[in-house]
Each structure stands twice: as C-alpha cells, then as structure tokens.
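Below you'll find the structure, written out as structure tokens, and then a few comments.
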Amino acid sequence: MDIPSKYEPGLAESKWYKYWMDNGFFKSMPDDREPYTIVIPPPNVTGVLHMGHMLNNTIQDVLVRRARMQGKNACWVPGTDHASIATEAKVVAKLKAEGIEKKDLTREEFLDHAWEWTNKHGGIILEQLKRLGASCDWDRTLFTMDEKRSESVIKVFVDLFNKGLIYRGIRMVNWDPEAMTAVSDEEVNYTDEKSKLYYVRYKIVGEDGYIMVATTRPETILGDTAVCANPDDERYKHLKGKKVIVPMANREVPFIFDSYVDPEFGTGCLKITPAHDINDYEIGMRHNLPSIDVFNEDGTISSSAGMFEGIDRFKAKELAEKELQRTGNLVKVEKYDNKIGRSERTNAVIEPRLSVQWFLKMKELSKPALDAVLDNEVHLHPSKFKNLYRHWMEDVHDWCISRQLYWGHQIPAWYYNNNEFVVAENISEALELAKKKSGNDALTQNDLRPDEDVLDTWFSSWLWPITSFDGINDPGNADIKYYYPTNVLITAPEILFFWVARMIIAGYEYRGQKPFNDVYLTGLVRDQMRRKMSKSLGNSPDPIELIEKYGADGVRVGMLLCSPAGNDLLFEDSLPEQGRNFANKIWNAFRLVKSWEADDKIKQPESSAIAVEWMNEVLKKSITDIDLTFSKFRISEALMIIYRLFWDEFSGWYLEIIKPEYQKPIDRVTYEATLSVFDKLMKLIHPFMPFITEEIWQLLIERKKGESLMMSRLPEAKNFNKNLIAGFVSIKETISAIRTVRKEKDLPNKQKLDLLILSDKDHIDAHFMPVISKLCNLTSIKFISEKQDGAASFMVGTTEYFIPLEGKLDVEAELLKIREELEYHKGFLVTVMKKLDNERFVSNAPANVLDLEKKKKSDAESKIRSLEERMKELTSL
RNA sequence: GGGUUGUUAGCUCAGUUGGUUUAGAGCAUUACCUUGACAGGGUAGGGGUCACUGGUUCGAUUCCAGUACAACCCA
C-alpha cells in the first residue's frame with residue numbers, strides 16, 4: 001500500500017461525513033439505552049460561523065461522540081434562533097440599501113422581507129457546522145420561530161399572564177430620536193465626552209434665599225417636579241417641607257429628601273426630572289411626583305415643556321443656558337467629563353424615555369433555579385460562576401419581555417375600548433374574553449387591536465430544552481420523557497443570566513425539573529491583543545478557511561488545546577497548526593506501522609515484549625486519567641493527556657523500541673499487539689479528531705461495510721500496574737542519561753557501548769534492561785561492585801552508572817560536571833537540614849513528613865559522598 | 001459606583017486538603033542530530049524569589065487580611 005507522507009484532510013472529511021450521514025449514525029430515537037442529550041445553543045439564523053461557534057460546537061461534538069462511544073443513546077439537537085434585534089437590523093439595513101425605509105412598510109410587508117431573508121440565509125451556519133464534523137441529529141433541526149416553537153411561546157406567555165406573573169408597567173427605555181425607536185442596552189455604545197456642568201439656583205418659596213443645583217441637562221429643567229437632597233445632609237435639613245421655584249418654568253415644586261442623592265456630588269442637591277432619568281423616575285415613584293415629558297419622539301421640545309416648543313433638544317440646551325443667564329439663575333458652568341450613550345445604528349445621542357412595557361415577575365419564579373445551583377442540582381463549570389449566579393439571582397429584577405420590533409413572536413394581547421386588554425392564544429379566544437370582560441357582546445374582531453410589540457428573543461430561548469422535544473405543546477410525549485432533562489449545556493459565560501438562568505427557571509416551572517445537569521461555560525475567543533474577535537475589527541479568521549488550511553481535526557484540536565473552561569482563548573494560527581501537526585504525527589505513525597511486514601517465524605524480542613506490556617499499562621492509566629478529567633469537564637486537559645500519550649509514549653518510546661531494523665520484517669506477536677494498541681488509540685482520539693481517526697481505523701485492518709469507528713466502543717480500564725509504569729519512568733531517566741553521555745562525549749549513535757552498574761543484581765529492577773540495550777545501542781549491561789576508572793559516570797536515583805570510554809574521557813569536563821552536581825545536592829541538603837535542625841519542626845511535624853525529610857537527607861548525603869569519591873579518583877588520575 | 005474572579009516560565013495554563021527530592025505541561029526559544037515513519041521530525045538544554053506587603057504556623061506559592069493591576073457582570 002502506498003500511503004502519502006502528508007495527511008490530506010479534505011478528501012477524508014467529505015468522504016466520512018457523507019458515510020456517517022448515509023448510515024444514519026447521528027440519528028437518535030428513544031430506546032432502552034441511557035440517553036445523552038445536548039441541545040445546541042441556537043446560533044442566529046442568518047449568522048455565519050465565527051470562532052466562538054467553533055469552540056462551542058467542537059466541545060459539544062467531543063462530548064456527544066464520546067457518550068455515543070460509551071454506548072449511550074446520544075442525541076444532539078441542532079437549531080437556529082430568530083434573534084429578533086440582530087436579524088431585524090440586518091433586514092432594515094438591506095432594505096435601506098435598496099432605498100426602502102422600514103417606516104414606509106406595513107408590519108406584514110416588512111415581515112415578508114424578513115422571512116425572505118431568513119429563508120435565503122437561514123441554515124448556512126448549520127451547513128458550516130457539518131464541515132466541523134458536528135454529529136447533530138439533523139432530522140431534528142429546529143427554529144425558534146417555527147410553528148411548534150411559536151405556539152409554545154404563546155402558550156407560555158398566556159399561562160404566565162393567567163398566573164398573574166406577567167404585567168404591564170412603565171420603564172425607561174433607550175430612545176433613538178433619529179430612528180424613532182427604542183433600542184436595547186446592547187445597541188448603545190457609551191463614550192466619554194466632554195460636556196458642561198451647570199450650576200443653577202432655585203428660589204426658595206417664602207424665603208429670600210436660593211438653593212443651588214448642579215445639572216448637565218438644563219433643557220430638562222422644564223420637566224422638573226422636585227428638588228432633592230440626602231436626608232443626612234445637614235446643609236439642607238432646614239428645608240424640610242419647603243417648596244422651591246423651578247427657573248424658566250416658574251413652577252412651585254416640593255423640596256424632598258432621598259438617600260439616593262450623593263452629598264458629595266455637585267452641590268448635594270439634585271433636580272428631579274422623572275420623565276428623563278431612570279433614577280429620577282424611581283425617586284419620583286417613591287415620592288409620588290408627577291412626570292412631565294418635555295420631548296417629542298423626534299427629540300424636539302414638546303408642548304408640555306411650556307417653552308421652546310418644536311426646537312431641537314441640542315438647540316434648546318443653548319437657549320436654556322442663555323435664558324438662565326438672562327434671569328440671573330445660572331451661577332456658574334464647569335467642564336465635566338460625561339459618559340454619553342449613542343445609538344449603534346444612527347450614532348444619535350440616546351434619550352432615556354418612559355414607555356409602557358410588558359414584564360415578567362421573577363422573584364418567586366426564580367427561587368427553585370437559585371436553589372438548584374446552590375444545592376449542586378445543576379453544576380456550573382468552572383464553579384467560580386456559582387457565586388456570580390447566586391449574586392445575580394438573589395437580586396433578580398423583573399424581566400422586561402417586550403421589544404418594539406416586528407421580527408419575533410408578537411405579544412398575544414388585544415386592546416379594545418379605552419386601552420383595556422385581554423391576553424389569549426388567538427384572536428377568537430381574545431374576542432370571547434373581551435366580550436366577557438367588557439360585558440359587551442357586540443364586540444367584533446375588528447374592535448380588537450393587537451399589541452404591536454414582540455417578545456424578547458430570550459423569551460423563546462429560555463424554553464429551548466423543553467421545546468426542542470415539544471414539551472410545552474405535548475408534555476407527555478415520548479421524546480420529552482426520554483431526553484429531558486438534558487445532560488449538559490455548553491455556552492458562553494456572558495449569557496449566564498440572559499439565557500442559562502432563565503432556562504433553569506423555565507425548566508422548573510414547566511417540567512418541575514432542571515433542564516440540564518451540567519453547564520460548561522467556555523471562554524471568549526480573543527486575538528493576540530486580547531481583543532474580542534468581531535467582524536467590525538476584522539480580526540476574526542474565517543473558520544471555513546481555517547478548516548481548509550489546517551483540516552477540521554486540526555482546527556478542533558487547536559480550539560481545544562488552549563481553552564480551559566471559563567478562560568478566554570487567545571487565538572492565533574499557531575493553534576490549528578499545532579492541531580494539524582498532531583494529525584500528521586498520527587498519520588506518520590500509521591504509515592510506519594503499515595509499512596511493516598509481519599513474519600510468523602520471527603521470535604518476539606524481549607524488548608518488544610516488555611514494550612507491549614508497558615504500553616498496555618500506560619494505555620490503561622491514560623484511560624483512567626481521561627475518564628477523570630472528563631468527569632470534571634476538563635476537556636483541554638483530557639486532550640493533552642491523549643496528545644502526550646500518542647506523541648511521547650506511543651510514538652517516542654513504544655514505536656522506537658519495537659521498530660525492526662530498516663526493511664526487515666517484524667514478529668507477528670508484536671505486530672498484532674501494535675495494531676490493537678493503535679485501534680485503542682484511534683478510539684480515544686476519535687471524539688477530538690473524528691475524521692483522521694476514522695480514515696486510519698478503516699485502513700488499519702479490513703472492515704465490514706457499514707462499520708464505523710464512531711459507533712465502536714471506547715476502551716475501558718479499571719486497574720493498571722503502577723509499579724511497571726513507575727519503573728519505566730526511571731528507565732527513561734537512565735536512557736536519557738546515556739544519551740547525554742553520548743552527546744557530551746561526541747559518540748556517534750552507531751557506535752556500540754557498554755553499561756556498567758555499580759550495584760548487585762538483586763538491588764535493581766532489571767526488568768527493562770533489554771529496552772535500555774536496544775534504545776541505547778549497547779553491547780552489554782554488567783553489574784560491578786567497584787567504581788570504574790576511565791569511564792563516564794552518572795547517577796539515577798542513588799545508583800551509579802559507568803560507560804567505559806577507552807581513553808576518551810575528558811577529566812576536566814567530567815570534574816566540572818561533578819562539581820555542578822555536587823553544588824546542587826549540597827544546596828538541596830541545606831534546605832532539608834534547615835528543617836531538620838529546627839527543633840520545633842522535628843517535634844511538631846507529622847511522622848511521615850519527618851521520615852520523608854530524613855530520607856531526603858540520607859539520599860542527598862549518599863549522593864554527595866559518592867560524587868566526592870568520584871572526584872577524588874578523577875583528580876588522582 | 002457596587003459585585004465577582006483572577007495575578008505561577010516569553011505566551012497560554014495546570015497544581016497546592018500547608019511539607020511529596022529546592023514548582024509542572026504545551027507552545028515558543030537555544031544547541032546539536034538527521035538520506036530508512038514524520039525538518040510539520042529527534043535529542044539535550046535554558047528559562048519562575050508562584051503580583052506586592054503584612055498576619056497565622058515548626059513550615060506559606062498554597063490559608064487570612066490589606067495594596068496594586070487586570071478581566072467580567074450589574075448600575
């Protein structure tokens with residue numbers, strides 16, 4: 001067989017993905033096996049794959065493939081999210097490029113455009129995931145706005161409303177006066193900008209004096225309904241019960257006290273404008289203040305301001321400054337650095353604005369979800385997020401679930417008469433309710449006006465683990481009973497609250513059970529400068545190009561190598577490169593093994609027998625270690641164990657020991673054992689690198705049609721021989737020391753050497769001697785009872801070794817080496833003696849610690865003794 | 001402003017129930033080797049007073065407190 005010296009990933013990837021799909025290996029149906037379920041964090045339907053997805057989905061695929069190979073019924077449900085804000089923004093931008101303004105379209109017309117866009121771009125991202133090797137059950141692909149998911153969302157809204165948990169309330173929103181729409185917090189960019197702080201005086205009613213207020217917004221003075229100070233502030237205590245006159249407006253407003261006010265800031269006196277600042281609004285609520293909205297939707301001054309009507313807010317600010325100056329109420333102006341929020345879309349300065357929104361009461365609803373995490377019903381990985389979670393859940397706010405958008409699940413509320421409303425699953429039920437509620441049987445559907453808003457995207461995502469198996473519409477169906485709760489959720493920490501916490505809440509509310517056992521929080525993918533990867537910065541590589549360059553397996557390994565849970569991943573090309581190199585290493589090891597011809601007549605060399613025995617123990621130990629790391633979700637670490645197992649132990653040691661001479665055949669026993677080890681290694685690596693392992697596994701021995709590595713069972717291990725493994729570790733040291741001697745003495749590898757061991761046979765583990773002999777190209781290994789002249793020497797543990805050099809010994813160099821070693825051991829002895837000379841240590845330390853220190857001391861002393869003797873001998877030469 | 005977490009080798013990270021031969025890995029780096037699996041390889045090195053300052057202790061990189069810096073979340 002002719003195998004190329006470089007692994008070509010492209011062909012293998014498309015070949016085996018098709019093979020897996022054609023054989024239906026990704027499919028899952030309920031049966032009597034243990035289920036292993038993951039629901040995908042649905043990517044935006046019109047999005048394209050970015051590095052975050054790569055990381056996230058690689059981890060999911062590793063877990064799902066591993067579970068499948070453990071004999072579990074693995075089910076990974078894929079799907080996409082309608083992502084109302086992001087998608088609507090994209091559609092608006094696309095229409096704008098075509099010269100169409102959103103405001104010129106009806107809701108229905110806009111939605112037609114949005115669906116067209118969704119159908120055109122939707123699913124691209126899922127196709128990209130296939131390139132990565134994702135073993136999702138594609139027949140189960142979902143969309144958060146498909147029929148069943150939408151139906152579920154509406155049902156849940158109605159249910160929560162009927163339980164009294166959803167209400168309408170006033171809230172401050174980020175208003176973009178240019179786009180004339182509310183924008184989400186995520187769409188507001190804050191920048192430090194220079195502005196001014198105005199000191200304005202307010203006349204005290206019934207007194208001669210004034211009080212002074214500092215403000216950055218003089219134009220909103222027209223909307224003031226109180227002036228406020230901290231109740232502990234001595235300077236203002238005398239003003240209790242007094243009134244002051246708002247400048248320009250000449251309105252009498254009360255002087256009030258609230259602990260919100262910071263006495264240190266400005267004059268310690270705050271003007272209260274409930275309509276235009278969230279804190280003022282809250283103070284207003286506490287003190288029953290009226291609220292005067294001085295702005296129109298487009299940012300001009302409204303009629304209720306009583307002045308400057310129709311003038312733009314920035315112009316009004318200048319006019320207000322002049323007017324205050326003219327009336328002598330402006331005392332001074334200071335420079336001030338302020339954080340200004342601007343709309344991501346229009347760059348217009350955001351205006352806080354009061355509006356009516358829908359809310360979900362969270363306090364009681366979230367209780368079981370808080371307990372679930374605190375009681376370790378749901379495990380967060382890494383656990384440091386537990387504190388954060390608790391902190392947030394204990395201080396949970398009501399959830400504003402309405403959005404002023406078209407793209408999304410429209411809120412199932414209908415208005416009639418004078419802003420009365422009903423909530424129902426559809427308009428005919430709404431009509432019946434409205435008739436009942438109003439007592440007016442003459443109402444028709446035409447009298448009902450549907451709510452214009454849609455629901456927050458998270459209001460559908462929070463049901464995802466349930467709706468993935470249609471558990472809202474059909475709570476008793478076979479799928480939901482079998483697959484729920486799911487096993488693990490893989491997601492980014494920044495949506496711990498937006499999404500994860502709310503899924504747990506919904507899980508308990510609608511299934512009476514947690515939605516998943518474990519949550520693995522990945523890090524953010526950043527570039528080398530620690531910047532978040534983003535399209536606008538242009539610092540994000542195209543994942544598909546990476547796959548083409550390094551292979552899917554290489555990219556998967558690259559993503560995982562440097563991404564411990566919860567830590568950011570600083571991405572650079574060297575990572576997938578390392579992954580690709582690993583794939584090539586595996587490939588070449590395979591080439592080597594396949595190049596051998598097995599011969600029944602050859603007897604197995606002793607060294608090979610030992611190597612096989614040792615390799616199998618190392619394999620068992622690694623399997624144990626891998627199981628342990630997986631149980632702690634330390635996936636990077638598991639990969640590193642496998643990486644070193646294959647590269648160092650298998651390729652570096654095992655294959656080097658059993659390797660027959662060039663173009664000579666290998667004995668059958670070792671060959672078969674090696675194929676078996678290779679088979680196990682492919683199984684262990686498969687979850688991480690599915691393609692190359694399948695390719696090699698199929699070529700390793702003849703396979704039947706329809707067989708696949710991905711459906712085979714992972715090797716298991718219970719016990720391993722610790723002594724054998726430890727013995728080999730010390731043998732590695734000996735070999736390494738001999739190699740160093742060769743290097744220092746410039747002895748070519750081909751030249752045979754003798755090894756002398758200053759010890760008796762019973763004292764030393766001779767088991768691995770044939771291995772040393774083979775790897776170091778020795779003619780003999782002998783045990784001696786006296787030190788050897790004219791030989792290079794070294795120590796491993798407390799045993800001294802000699803290699804006769806036939807006059808090649810460089811005494812000076814040897815002495816230098818010994819002096820260095822002596823220095824080290826003497827230094828070490830000092831640290832040990834420091835402890836042993838300390839009486840309090842000797843009397844207080846536990847016996848085992850004391851014994852250990854004593855052993856350290858005697859070992860060091862014996863080493864120093866033999867080094868000194870050796871030095872004496874050398875100098876006497 | 002409030003909170004959470006972190007600071008260990010050039011980089012990314014492990015580790016420590018406080019003592020395990022004067023701290024480990026991968027990558028990077030240095031020297032040498034290499035026509036017989038792999039130059040995307042091999043061998044051998046170098047590199048860290050475990051952020052700082054105190055405290056507890058026979059003993060602190062590990063526990064506690066404070067300081068500095070950084071990241072994230074909330075306002």
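Naming convention: chains lettered A, B, ... in sequence-line order (proteins, then strands); numbering from 1 in each chain.
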Rounded distance in Å - NE2 (A:H381) to P (B:rU5):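 Taking atom P of B:rU5 as the reference, NE2 of A:H381 is at 18 Å.
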Rounded to whole Å, please give me the gap between CD in A:E733 and C1' in B:rA44.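 A:E733 atom CD is separated from B:rA44 atom C1' by 15 Å.
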Would A:D859 and A:K863 count as a salt bridge (Lys or Arg N to Asp or Glu O under 4.0 Å) here? Give the steps. CA-CA 6 Å; A:D859 283 359; A:K863 276 187 188 178; over 6 Å; no
Are any protein N/O atoms closer than 3.5 Å to N/O atoms in nucleotides 2-4 of chain B? If there are, list each pair with its distance.
unit_1 : atom_1 : unit_2 : atom_2 : d
B:rG3  : O2'    : A:H391 : ND1    : 3.3
B:rG3  : O2'    : A:H391 : NE2    : 3.2

Want to know the stems of RNA chain B: at least 3 consecutive Watson-Crick or G-U pairs with distances under 3.5 Å, which are they?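 Output for stems: B:1-7 with B:68-74, B:10-13 with B:24-27, B:29-33 with B:41-45, B:51-55 with B:63-67.
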Please classify the nucleic acid contact of [X] as base, sugar-phosphate, or nothing, using heavy-atom distances under 4.0 Å.
| X | value |
| --- | --- |
| A:N838 | sugar-phosphate |
| A:F497 | sugar-phosphate |
| A:R580 | base |

The criterion is ring pair (Phe, Tyr, Trp, His ring centres under 6.0 Å); which residues satisfy it with A:F359, sequence neighbours excluded?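 If we apply the ring pair (Phe, Tyr, Trp, His ring centres under 6.0 Å) test to A:F359, skipping adjacent residues, the hits are A:Y167.
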Flag the pair A:E868 and A:R865 as a salt bridge only when some basic side-chain nitrogen lies within less than 4.0 angstrom of an acidic carboxylate oxygen.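 No salt bridge links A:E868 with A:R865.
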Residues of residues 653-667 of chain A with any non-hydrogen atom less than 4.0 angstrom from an atom of RNA chain B: list those, numerically ordered, please.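 The answer is A:E656, A:K659, A:Y662.
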Answer with yes or no whether A:K855 presents, from its side chain, a donor or acceptor under 3.5 Å of a partner atom in the base of B:rU21.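 When only heavy-atom distances are counted, A:K855 does reach the base of B:rU21 through a donor-acceptor pair under 3.5 Å.
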Does any donor-acceptor pair link the side chain of A:K585 with the base of B:rC38 at a separation under 3.5 Å?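 Yes.
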Derivation and outcome, salt bridge (Lys or Arg N to Asp or Glu O under 4.0 Å), residues A:K834 and A:E853: CA-CA 10 Å; A:K834 245 187 239 165; A:E853 292 302 317; over 6 Å; no
According to salt bridge (Lys or Arg N to Asp or Glu O under 4.0 Å), who are the partners of A:K732, at least two apart in sequence or on a separate chain?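 Listed in chain order: A:E649.
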Between A:Y643 and A:V849, who's closer to the 5' end of RNA chain B by nearest nucleotide?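 Upstream on the strand: A:V849.
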For A:A845 and A:Q578, find the nucleotide of RNA chain B closest to each by heavy atoms; which residue's nucleotide sits nearer the 5' end?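 Nearest-nucleotide comparison on RNA chain B picks A:A845.
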Please give the distance between the C1' atoms of B:rA9 and B:rA71 as a whole number of Å.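 Their C1' atoms lie roughly 22 Å apart.
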Which atom pair, heavy atoms only, marks the closest approach of A:T491 to A:N56?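 Scanning both residues completely, I find the closest heavy atoms to be CA-ND2, 3.5 Å.
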Could you check whether any side-chain heavy atom of A:W653 comes within less than 4.5 Å of a side-chain heavy atom of A:L775, counting everything from C-beta outward?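 Of all side-chain heavy-atom pairs linking A:L775 with A:W653, at least one is under 4.5 Å.
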Expected rows: protein N/O vs nucleotides 45-50 of chain B N/O, under 3.5 Å:
none

OP1 or OP2 of B:rG42 less than 4.0 angstrom from a side-chain nitrogen or oxygen of A:W647, does that happen here?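 Looking at the OP1 and OP2 atoms of B:rG42, one of them is under 4.0 Å from a side-chain N or O of A:W647.
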